[in-house]
Trainee: 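Here it is, the structure, as structure tokens.
Chain letters run A, B, ... following the sequence lines, proteins first and then strands; every chain starts at 1. Fair warning: this is a prediction, and the values are worked out from it, not measured in the lab. Values below: every heavy atom of this structure, side chains too, minus hydrogens, waters and symmetry copies.
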Amino acid sequence: MSLASTRRLLKEFRAAQKSSSDSEEELVRIRPVSENDLLHWVGYIRGSKGTLYEGGRWNIDIQVPKTYPLHPPEIKFITPICHPNVNWKDGLVCLDILKGQWTAAWTLQSACMAILVLLSDPEPNSPLNVDIANLVRSGDEEAAASLVHYFTAKYAST
Amino acid sequence: MMSGQDSEVNQDDTSAGTINPSDYVTEELDDVTILRLTQEIKDHEASKTPLVGELKPISVLLDEYADSTFRAKIKALGGGSTGYRPIRGDGNCAWRAFAFRFFEFAQSYAPDQIAELKSRIMSLTKLLNEAGYNENGYIDFVEETESLFDRLPGLTTETLVSEFNNMEVSSAVIVHFRLLAAAYVKTHAEDYMPFIDDGEGTTIEEYCNRQIEAFAVEADHLALSALVNAVGVADLGVVYMDRSEGEDAVVHTFEPMSASAKERMKIDLLYRPGHYDIFYR
């Protein structure tokens, strides 16, 4: 890992420590698995109030490449989540900023915030979960909501 | 892009290289894998040339072209007094070329002029804040540029080339300059929106993210204009070496809208479709 990566990740680690309260207000919380390995982080994302995902809490896993922040982290859901842009099997997220549109000015925290925004603002035209994407695309809000609520209650209720 | 023997040799190298597509076909490729593989191929190709090469006489370019349109334009650029410095084609070339030439000019300045230039560039950090960037996201890159300015009085052109061939230094300065250009667009939305509006609702944020901030995405016309405006101390001339008609290469000049310096640097880039190198008049 380069000096620049280490320096940057240490800053993010300190910032993550500062904003520490496990309150329900905190929608995204992340930390390195160990202080000796800043390339592997874990945490969770809570659904925002007033969205389909309200009340759920999903654990996430973040693998940071050695070339971070020039290249994006790989973020996936550990807790199963029913969402058009998340692969049901492996939890991988389809989000442009985690691929070619990544910017070195983003942080792990802001990348997770972007995923939080994606939860309530899906892109059903580039689906990783076709079942829920079809419901969203066809405008069947009721069916989409009941499917999301079912899986949230089953796997991610707090 | 290039005709002649060089490019054929390169293609042979690739097929015999370390990346074997059959290693990967056993499982379905997901987007992340495709992205990684594409990057590996790019890196593999790019690693054959230095990030910033040695200054060469312009006549060297003639050997790369059989095409008469190109040859006529190269000849029209002038003879022994002109030259070019090849830059690695990794998607950052325009940014790296501009940044290197910028520091090459600065390196020739007197210490007090360097100090003045440094404070001008550092003062632009307020632009990053105005544009809404998080300090944790940009500070390391800004500090790397600052430290390069501090080392500059002790550098020669040769050692500056070495500095820019250090991936860490080079990348940091490029990210810094990309963010300055994007911040300029974001804080001058009324000037740029007419060019960004594509009828599909692309916002300033999306444009900057896609075309300017993303590392290894080539600079377009608007990005270069924003970079020149943000930096404010350099005119940029782009010499277009393409297949368009005429014996002379078209030169497009970018000048800062509000220039802070009386005497501005004259940075010239040589554009060949898809790639920028530095041009020396």
Side-chain angles (χ1 to χ4, degrees), chain A residues 1-19 62-63 65-76 85-114 117 121 123 125-128, chain B residues 27-36 38-40 42-43 90-92 95 125 128-129 131-144 147 166-183 186 205-218:
Chain A
M1 187 161 62
S2 74
L3 190 63
S5 308
T6 312
R7 202 166 48 200
R8 167 67 172 268
L9 286 165
L10 274 172
K11 279 197 189 108
E12 294 196 27
F13 177 36
R14 276 184 230 118
Q17 279 178 315
K18 261 186 222 161
S19 65
I62 306 173
Q63 295 288 345
K66 290 194 176 78
T67 51
Y68 180 82
L70 295 179
H71 295 109
E74 185 180 295
I75 305 180
K76 60 182 182 184
N85 307 110
V86 183
N87 190 313
W88 177 259
K89 278 190 217 142
D90 59 19
L92 280 169
V93 185
C94 178
L95 182 59
D96 53 6
I97 66 122
L98 293 180
K99 296 174 184 166
Q101 308 301 323
W102 170 258
T103 299
W106 291 78
T107 60
L108 299 179
Q109 178 78 21
S110 61
C112 292
M113 293 304 288
V117 172
D121 188 14
E123 288 283 345
N125 292 324
S126 54
L128 281 176
Chain B
E27 50 189 306
E28 204 176 320
L29 294 182
D30 59 52
D31 286 350
V32 175
T33 313
I34 291 171
L35 183 80
R36 182 173 57 77
T38 312
Q39 193 59 45
E40 276 179 20
K42 271 195 205 161
D43 292 348
D90 61 357
N92 287 311
W95 300 93
T125 301
L128 298 178
N129 294 329
Y133 291 106
N134 177 323
E135 184 178 306
N136 268 348
Y138 67 68
I139 194 68
D140 290 340
F141 310 114
V142 174
E143 283 175 359
E144 191 68 57
S147 133
N166 175 330
M167 187 60 99
E168 205 152 293
V169 175
S170 226
S171 302
V173 176
I174 289 170
V175 172
H176 184 196
F177 278 27
R178 280 181 180 275
L179 296 180
L180 290 180
K186 289 177 185 181
E205 290 287 330
E206 284 166 346
Y207 170 81
C208 288
N209 184 221
R210 256 198 320 258
Q211 297 297 329
I212 305 184
E213 296 165 347
F215 197 65
V217 170
E218 259 322 326

Trainee: Which one of B:Met167, B:Glu206, B:Arg210 has the most heavy-atom pairs closer than 4.5 Å to chain A?
Mentor: B:Arg210

Trainee: Between B:Asn209 (side chain only) and A:Ile97 (backbone N and O only), is there a donor and an acceptor less than 3.5 Å apart?
Mentor: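 Between the backbone of A:Ile97 and the side chain of B:Asn209 there is no qualifying donor-acceptor contact (under 3.5 Å).
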
Trainee: Under 4.5 Å, heavy atom to heavy atom, which residues of residues 171-181 of chain B contact chain A?
Mentor: B:Ser171, B:Val175, B:Leu179

Trainee: Side chain from CB out, backbone as N, CA, C, O: work out which of these in B:Ile139 comes under 4.5 Å of a heavy atom of chain A, or both, or neither.
Mentor: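 Contact with chain A: side chain only.
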
Trainee: Could you give all pairs that pass the side chain to side chain donor-acceptor pair (under 3.5 Å) test and reach residues 4-15 of chain A, with sequence neighbours left out?
Mentor: A:Ser2-A:Ser5, A:Arg8-A:Glu12, A:Lys11-B:Asp140, A:Glu12-A:Tyr68

Trainee: Using non-hydrogen atoms and a 4.5 Å limit, figure out which bit of B:Glu144 sits close to chain A: side chain, backbone, both or neither.
Mentor: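 The side chain, not the backbone.
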
Trainee: Could you give the distance from CG (A:Leu9) to CG (B:Asn136), rounded to the nearest 0.5 Å?
Mentor: 11.0 Å

Trainee: To the nearest 0.5 Å, how far apart are OG1 in A:Thr107 and CD in B:Glu135?
Mentor: 12.5 Å

Trainee: Quick check on B:Glu168: does its CD atom have over 12 non-hydrogen neighbours (other residues, nucleotides or ligands) under 6.0 Å away?
Mentor: yes

Trainee: Based on non-hydrogen pairs under 4.5 Å, which of A:Leu3, A:Thr67, A:Asp96 is most in contact with chain B?
Mentor: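 Among the listed options, the one with the most contacts to chain B is A:Leu3.
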
Trainee: Is it the backbone or the side chain of B:Tyr133 that comes under 4.5 Å from a heavy atom of chain A, or both, or neither?
Mentor: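 The answer is the side chain of B:Tyr133.
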
Trainee: Measure across A:Thr103 and B:Ala214 and return the closest heavy-atom pair with its distance rounded to 0.1 Å.
Mentor: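 Scanning both residues, the minimum pair turns out to be OG1-N, 4.1 Å.
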
